[in-house]
Protein chains: 2
Amino acid sequence: MAETPRPGSPGTLVPRPPVGRAEPAKIAIDEIDRLLIRELVADGRATLSNLAEKASLSVSAVQSRVRRLEARGVIRGYTATVDPEALGQMLSAFVAITPLDPSQPDDAPARLQHMPSIESCHSVAGEESYVLMVRVGSPRHLEQVLHEIRATANVNTRSTIILQTFYDK
Amino acid sequence: MAETPRPGSPGTLVPRPPVGRAEPAKIAIDEIDRLLIRELVADGRATLSNLAEKASLSVSAVQSRVRRLEARGVIRGYTATVDPEALGQMLSAFVAITPLDPSQPDDAPARLQHMPSIESCHSVAGEESYVLMVRVGSPRHLEQVLHEIRATANVNTRSTIILQTFYDK
DNA sequence: AATGAAACGTACATGAG
DNA sequence: CTCATGTACGTTTCATT
């Protein structure tokens with residue numbers, strides 16, 4: 001195959017076409033779908049009739065779209081949003097962890113999954129290997145959880161205490 | 001007031017009573033409430049009858065409890081859980097930011113709130129001042145968002161790319 | 001606080017155009 | 001996708017314990 005003329009030769013700092021939005025979209029998700037999703041994120045208990053009104057569509061049409069979005073996994077499910085502090089989880093933190101022994105199989109996420117104080121677990125490209133979001137009742141409780149994390153997954157931890165959450169859409 | 005006898009004198013490493021759960025609990029949330037919350041987190045569209053069955057309670061009893069939890073703000077609301085990748089947000093990152101000019105009023109969270117790529121914003125006790133969770137379509141898009149964050153809030157940024165999310169309860 | 005029943009409203013499913 | 005129909009069900013209210 002012939003090489004396409006380089007749109008910016010190596011070493012130049014000339015950027016390529018305008019950014020726009022990356023649109024990999026395996027299958028089509030149109031504007032109506034996006035509207036329905038927005039509404040359902042705003043109110044997970046919205047009825048089909050609610051949605052139909054917002055979308056200026058019939059209930060049936062909305063129904064099939066929502067079912068399709070659910071089937072495709074675009075909509076994963078529905079959940080109640082709970083105030084952690086109301087449940088006594090007064091302290092939240094990001095906990096970045098690094099395996100101590102790189103020669104051993106790294107199954108930290110699996111080992112930690114059962115711990116109820118761990119809300120999420122991401123593997124990351126950065127100084128550490130994983131970042132956890134942890135919610136506990138008190139500093140004492142955090143200490144205990146950190147000990148358990150270290151012992152369970154054989155990792156170092158670096159914690160960043162959350163002082164205030166401004167928004168979490 | 002007389003000083004209470006020190007339960008562990010300064011300098012000792014003797015811990016105090018067992019950890020248990022910190023229970024600040026302004027008002028009572030009993031086990032049934034917790035069950036209802038758990039069920040509603042698992043399925044935000046669960047009906048009162050569903051919940052009544054799980055709790056072995058009457059529909060009316062469940063109704064008043066759920067309404068109370070909502071009114072108190074324990075249950076903040078209901079939302080659909082959406083797969084970010086299905087919506088073309090293929091890249092997520094933690095972005096830690098630090099104000100460049102400490103003498104200026106720090107209103108970074110307010111300034112950034114309008115940006116749709118920013119999913120959450122926490123102020124933290126750590127090396128940086130805030131940690132954002134950002135979702136974008138591509139590395140190019142991330143670059144653009146980072147520029148906008150820096151320009152809008154007059155901050156430095158340090159990004160940690162999320163490679164994979166194992167769980168996010 | 002919880003129960004049970006009664007009444008109401010409507011959300012949802014289905015099939016035709 | 002719209003429209004129309006019928007059933008089922010979720011919710012609300014209230015009297016009672």
Side-chain angles (χ1 to χ4, degrees), chain A residues 21 23-90 137 169, chain B residues 20-83 85-88 169:
Chain A
R21 313 175 341 287
E23 36 171 351
K26 321 211 163 188
I27 327 178
I29 290 185
D30 63 19
E31 270 316 303
I32 297 179
D33 286 334
R34 289 184 187 278
L35 169 67
L36 298 176
I37 290 168
R38 255 185 287 121
E39 293 298 329
L40 281 170
V41 167
D43 176 10
R45 301 200 65 134
T47 64
L48 295 178
S49 356
N50 294 155
L51 300 172
E53 190 175 5
K54 304 262 187 178
S56 307
L57 233 61
S58 72
V59 171
S60 318
V62 169
Q63 181 178 218
S64 61
R65 278 172 178 270
V66 172
R67 298 286 168 263
R68 214 181 46 201
L69 291 169
E70 289 168 351
R72 275 195 206 162
V74 178
I75 296 177
R76 290 226 183 100
Y78 302 87
T79 183
T81 306
V82 174
D83 177 9
E85 300 199 6
L87 287 172
Q89 317 267 255
M90 307 307 288
K169 301 180 183 174
Chain B
R21 314 174 341 286
E23 37 170 352
K26 322 211 162 189
I27 326 177
I29 291 185
D30 61 20
E31 270 317 304
I32 297 180
D33 286 333
R34 290 186 186 276
L35 169 66
L36 297 176
I37 290 169
R38 255 185 287 120
E39 293 297 330
L40 281 171
V41 167
D43 176 9
R45 302 199 63 133
T47 64
L48 295 178
S49 353
N50 295 156
L51 299 172
E53 191 175 4
K54 303 261 187 178
S56 308
L57 229 62
S58 73
V59 172
S60 319
V62 169
Q63 180 179 221
S64 61
R65 278 172 178 271
V66 171
R67 297 287 167 263
R68 213 181 45 199
L69 290 169
E70 289 167 351
R72 277 195 204 163
V74 179
I75 295 178
R76 288 227 184 99
Y78 302 87
T79 183
T81 306
V82 174
D83 177 8
E85 300 199 5
L87 287 172
K169 303 179 181 173

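Lettering follows sequence order; numbering is per chain, from 1.
Between the CD1 atom of B:Ile29 and the P atom of C:dA1 there is a distance of 13 Å, rounded to whole Å. For the pair A:Arg67 CZ and C:dT14 C1', the interatomic distance rounds to 13 Å; values are reported in whole Å. At whole-Å resolution of the value, CG in A:Asn50 and C1' in C:dA11 are 10 Å apart. Rounded to whole Å, the distance from CG on B:Leu48 to P on C:dC8 is 20 Å. Rounded to an integer number of Å, the gap from CG of A:Asp43 to P of C:dA11 is 12 Å. Between B:Glu53 atom CD and C:dT3 atom P the separation is 14 Å, expressed in whole Å.
Put simply, the side chain of A:Leu51 does not reach to within 4.5 Å of the side chain of A:Gln63, judged on heavy atoms. Annotation: side chain of B:Val41 is not in contact with side chain of B:Lys169 (no heavy-atom distance under 4.5 Å). At a threshold of 4.5 Å between non-hydrogen side-chain atoms, the residues A:Leu36 and A:Glu39 do not count as touching.
Distance from the side chain of B:Ser60 is smallest to C:dA5 among C:dC12, C:dT14, C:dA5.
Where DNA chain D meets chain A (any atom under 4.0 Å from a heavy atom), the bounding nucleotides read 5' to 3' are D:dC1 to D:dT11.
The two residues A:Ala61 and A:Ser64 have their closest heavy-atom pair at O-OG, 3.0 Å. Minimum heavy-atom separation, B:Ala80 to A:Ile75: CB-CG2, 4.3 Å.
For B:Leu57 and A:Val59, each mapped to the nucleotide of DNA chain C holding its nearest heavy atom, the one lying further toward the 5' end belongs to B:Leu57. Heavy-atom distances to DNA chain D give each of B:Ala46 and A:Ser58 a nearest nucleotide, and the one nearer the 5′ end belongs to A:Ser58.
For B:Arg65, a side-chain nitrogen or oxygen approaches OP1 or OP2 of C:dA2 to under 4.0 Å.
In this structure, B:Arg72 does not pair ionically with A:Asp83, as no charged nitrogen and carboxylate oxygen lie closer than 4.0 Å.
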